[in-house]
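Quick notes on the structure that follows.
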Amino acid sequence: MNSGLIKPDGTPLVARQAARPVARYLRDTKSGVIASRIAPLTRHEEDVRRSWERAAGLAMDLIQNSGRLKGATDQVLADTVGVGLTLSPQPDLQPLGWSGEEETAFIRTVKKRWRRYWNSASEVSMNGKLTGPQLVDIGLRWHIAYGEATGVFDFFDAATRRRYGVTTGTKLRLVPPHRLVQDTNAPAGLFQGVQHDENGRVMSYRFRTGPAGLERAEDFPAFDSEGRPLVMHIFDPMDSEDVRGISLLAPAFRKHIQAEMLDDATLQMAILQTVFAITLTSEAPSQDAFEALEALREAGEGGKTIAAEYMGYLGAQLDRAADSRVSVGADPQVSHLGPGEDLSLKTANVPGKDFLPFSGSLARDMARTIGITYGGLTMDHTQSTYSSVRMENASIWSVVMRRRERIAAPMCQMTYEQWLDEEIGEGRIPFKGGYAAFLAQRGSVVGANWQGPAKPTADDYKSARAATERLGNGTSSIAIETGDLGTDPDSLFEERQREHRRYVDAGMASPYAAREDAPVIQTEPLP
């Protein structure tokens, strides 16, 4: 815009409008750091399909060749399931007219028979090699490496059971996720080996079966004619349209490989500096000194005399030095140094002061991705305090519980439902009203909770005091507190009752007897 003013040279003075600041997303800096990062928007299921095999291969390679990642995987198993999840049946039998005593007896029978089945490799697994807890461990490892756990349910008929000497027919065969093919035909509803109907519901899975070299693709129906699942496919989706999972390590591949490169480079530099850290300082003349002596010889008789005397002196020094020995190796030794020589040892300058903070940052990135604490990944507790440990455990415990409920418990629950259906159907577990009554209320009967290991604490005494306070002021219950301890409340009650009666019958003071100073909780009858 012309302001009406002119410059000294006579040209018009044009007013320049200042750029107006704009508030918006992705407003870049002058360096263009946002513009330099290309990030196209694509469907997440398509990203998973394109990256699945590469991510799975990298994850398995890193886990198999890293003690830290192998230990982190074991830590995930220990945090999530411990030695195994414990069944706590939660059937709703009131609609069938069951009394409280009948329901308690039914639950007790189910627990006993399930424990026997779940811990028997010949009963629970197709190949007769893996117990139930081992199957769950493998599923969790697959969840980390592949992002999913897959398996197929099968059933042994009476003749096959007699052949193997087993009682039950329900069997689970875990199938490695990489055997679930990557075949995709979107118009036909097939995506990464999973067949869908017009509503997006799963109809079948296509696995590669058979021995190595003779594999063939085979479709397995997702459900039988009565709606019972025949294929186990468990993963934690990120998007509502996801069909398959992807390795948990995929977001941290770059950081972990960088950490390995940092460790290798630091180690190599330290070795080199250690090898060349021994220096020998000598007053022996250099090449320039010898050239100067040659110039003296050419300067006349006086120069020749001086050069000859110095060469004699130098020769004596060299002869003496020739008798000494400096050896660096498997048998290092220093016998004697020549005149004017000084042997010094240098310390390695790596790792530097920035190594540990940077290495710790990379380790925290990996720990957060896997879902364990920094201390659990690195076993480094040098900077830990009581408060930091409590906060670390508190922040990770919800992640552990979520993984237990979303990944580990469904594996147990699916097997439990199939097994309980068979037990009642074949009459090994009595059910009021028979199998027809069970089928009518199957969803209510098979309900269950799965107890895992106890919540970690930084101070057991303080945690116990806190639990007592919560029970005393009515903000908690025995079931909630025993759940945090990884204990089934019904089993705890029956064990305490059994031991109490044993003490009383023996005429001994029971440790479970009511104390006189115990608080009395007043209750009012329900309306």
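What's counted below: heavy atoms across the whole structure, side chains too, no hydrogens, waters or symmetry copies.
- Closest approach of Thr382 and Asp380 over heavy atoms only: OG1-OD1, 2.9 Å.
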Practice item. Run the numbers on Thr80 and Arg403 for side-chain hydrogen bond (donor to acceptor under 3.5 Å, both in side chains), then give the verdict. Key: CA-CA 7 Å; Thr80 308; Arg403 183 168 54 226; 2.9 Å; yes

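- The backbone N or O of Arg116 lies less than 3.5 Å from no partner atom in the side chain of Asn119, so there is not a single donor-acceptor pair.
- Judged by distance alone, the side chain of Glu123 and the main-chain N or O of Val166 form no donor-acceptor pair under 3.5 Å.
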Practice item. Start with the C-alpha gap between Met60 and Ser247, add the side-chain angles, then the distance that decides, and say whether side chain to side chain contact (heavy atoms under 4.5 Å, CB included) holds. Key: CA-CA 9 Å; Met60 289 300 296; Ser247 173; over 6 Å; no

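- Within the 3.5 Å criterion, the main-chain N or O of Ala188 finds a donor-acceptor partner in the side chain of Gln195.
- Arg161 forms no cation-pi arrangement with Phe156, by the criterion of a distance under 6.0 Å to the ring centre and an angle within 45° of the ring axis.
- Side-chain atoms of Leu248 and Ile370, non-hydrogen and from C-beta on, never get closer than 4.5 Å to each other.
- With ring centers used as reference points, Tyr205 lies under 6.0 Å from His233.
- Here the shortest heavy-atom pairing between Asp79 and Val400 reads O-CG1, 3.2 Å.
- Between Glu215 and Arg179, some side-chain heavy-atom pair lies under the 4.5 Å cut-off.
- The closest side-chain heavy-atom distance from Met232 to Thr415 is below 4.5 Å.
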**Study point:** Derivation and outcome, side chain to side chain contact (heavy atoms under 4.5 Å, CB included), residues Leu377 and Met366
**Key:** CA-CA 8 Å; Leu377 176 68; Met366 177 59 72; 4.0 Å; yes

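- A salt bridge links Arg228 to Asp421: at least one charged side-chain nitrogen sits closer than 4.0 Å to a carboxylate oxygen.
- Interatomic distance, CD of Glu423 versus OH of Tyr435, reported as 12.0 Å (0.5 Å rounding).
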Point to revise | side chain to side chain contact (heavy atoms under 4.5 Å, CB included) between Leu230 and Val152, intermediate numbers included | key: CA-CA 6 Å; Leu230 297 178; Val152 176; 5.8 Å; no

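- The distance from the CZ atom of Phe220 to the CG atom of Asp154 is 8.5 Å, given to the nearest 0.5 Å.
- One N or O on the side chain of Glu422 and one on the backbone of Gly169 form a donor-acceptor pair closer than 3.5 Å.
- With no hydrogens or angles considered, no side-chain donor-acceptor pair links Gln451 and Ser88 at under 3.5 Å.
- In this structure a side-chain-to-backbone donor-acceptor pair under 3.5 Å is present from Asp28 to Ala35.
- Sorted by first and then second residue, the side-chain hydrogen bond (donor to acceptor under 3.5 Å, both in side chains) pairs with a member in residues 182-191 read Gln182-Gln192; sequence neighbours excluded.
- Annotation: side chain of Arg364 is in contact with side chain of Tyr374 (closest heavy-atom distance under 4.5 Å).
- Residue Phe223 comes nearest to Pro229 through the heavy atom pair CD2-CA, 3.6 Å, listed as atom of the first residue, atom of the second, then distance.
- For the pair Thr209 and Val175, the minimum side-chain heavy-atom distance is 4.5 Å or more.
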Exercise for review: Evaluate side-chain hydrogen bond (donor to acceptor under 3.5 Å, both in side chains) for Asp157 paired with Thr160, printing each intermediate quantity in order.
Suggested key: CA-CA 5 Å; Asp157 56 20; Thr160 307; 2.7 Å; yes

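- Between Phe106 and Phe431 the shortest side-chain heavy-atom distance falls below 4.5 Å.
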What donor-acceptor contacts under 3.5 angstrom involve side-chain atoms of residues 405-414, with partners at least two apart or in another chain?
residue	atom	partner	partner atom	Å
Gln413	OE1	Trp450	NE1	2.9
Gln413	NE2	Glu417	OE2	3.0
Gln413	NE2	Val446	O	2.9

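- Here the CG atom belonging to Leu58 is positioned 6.0 Å from the CD1 atom belonging to Ile257, to the nearest 0.5 angstrom.
- Here the side chain of His256 pairs no donor or acceptor atom with the backbone of Arg254 at under 3.5 angstrom.
- Put simply, CZ on Arg173 and OG on Ser125 are 11.5 Å apart, with the number rounded to the nearest 0.5 Å.
- Open room surrounds CZ on Phe493; 12 or fewer heavy atoms of other groups in view lie less than 6.0 Å from it.
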Check your understanding: Does the salt bridge (Lys or Arg N to Asp or Glu O under 4.0 Å) test come out yes or no for Asp239 and Arg43, once each step is laid out?
Key -> CA-CA 9 Å; Asp239 189 82; Arg43 297 177 62 172; over 6 Å; no

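- Annotation for Glu392 and Gly375: closest pair OE2-N, 3.6 Å, computed over non-hydrogen atoms.
- Looking only at distances, no side-chain donor or acceptor of Arg470 sits under 3.5 Å from a matching main-chain atom of Ser476.
- To the nearest 0.5 Å, atom CD1 of residue Ile424 and atom CZ of residue Phe438 are 4.5 Å apart.
- Using a cut-off of 4.0 Å between Lys/Arg side-chain N and Asp/Glu carboxylate O, Arg244 and Glu148 are scored as salt-bridged.
- Under the 3.5 Å distance criterion, the side-chain polar atoms of His196 are matched with a main-chain donor or acceptor of Gly189.
- When only modelled atom types and interatomic distance are considered, Thr73 and Arg141 share no side-chain donor-acceptor pair under 3.5 Å.
- Distance alone, capped at 3.5 Å, is enough to place a donor-acceptor pair between the Ser36 side chain and the Val33 backbone.
- Using modelled atom types and a 3.5 Å distance limit, the side chains of Thr170 and Gln418 yield no donor-acceptor pair.
- Note that CG of Asp236 and CG of Asp242 are 9.5 Å apart. Values are rounded to the nearest 0.5 Å.
- Few gaps surround CZ on Arg442; more than 12 heavy atoms of other groups in view lie less than 6.0 Å from it.
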Exercise for review: Given salt bridge (Lys or Arg N to Asp or Glu O under 4.0 Å), test Arg49 with Glu45 step by step and report yes or no.
Suggested key: CA-CA 6 Å; Arg49 185 186 69 82; Glu45 61 176 352; over 6 Å; no

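- For the pair Val110 and Trp419, the minimum side-chain heavy-atom distance is below 4.5 Å.
- Ion pair Asp365/Lys255 flagged as a salt bridge, since at least one NZ, NE, NH1 or NH2 atom sits closer than 4.0 Å to an Asp/Glu carboxylate oxygen.
- Between Tyr146 and Phe235, the distance from one ring center to the other does not fall under 6.0 angstrom.
- Side-chain contact between Trp52 and Pro177 is present, with heavy atoms from C-beta onward closer than 4.5 Å.
- Of the possible polar contacts, one joining the Lys171 side chain to the Thr168 backbone as a donor-acceptor pair under 3.5 Å is found.
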Point to revise | Derivation of the side chain to side chain contact (heavy atoms under 4.5 Å, CB included) call for Thr167 and Tyr117 | key: CA-CA 9 Å; Thr167 303; Tyr117 167 80; over 6 Å; no

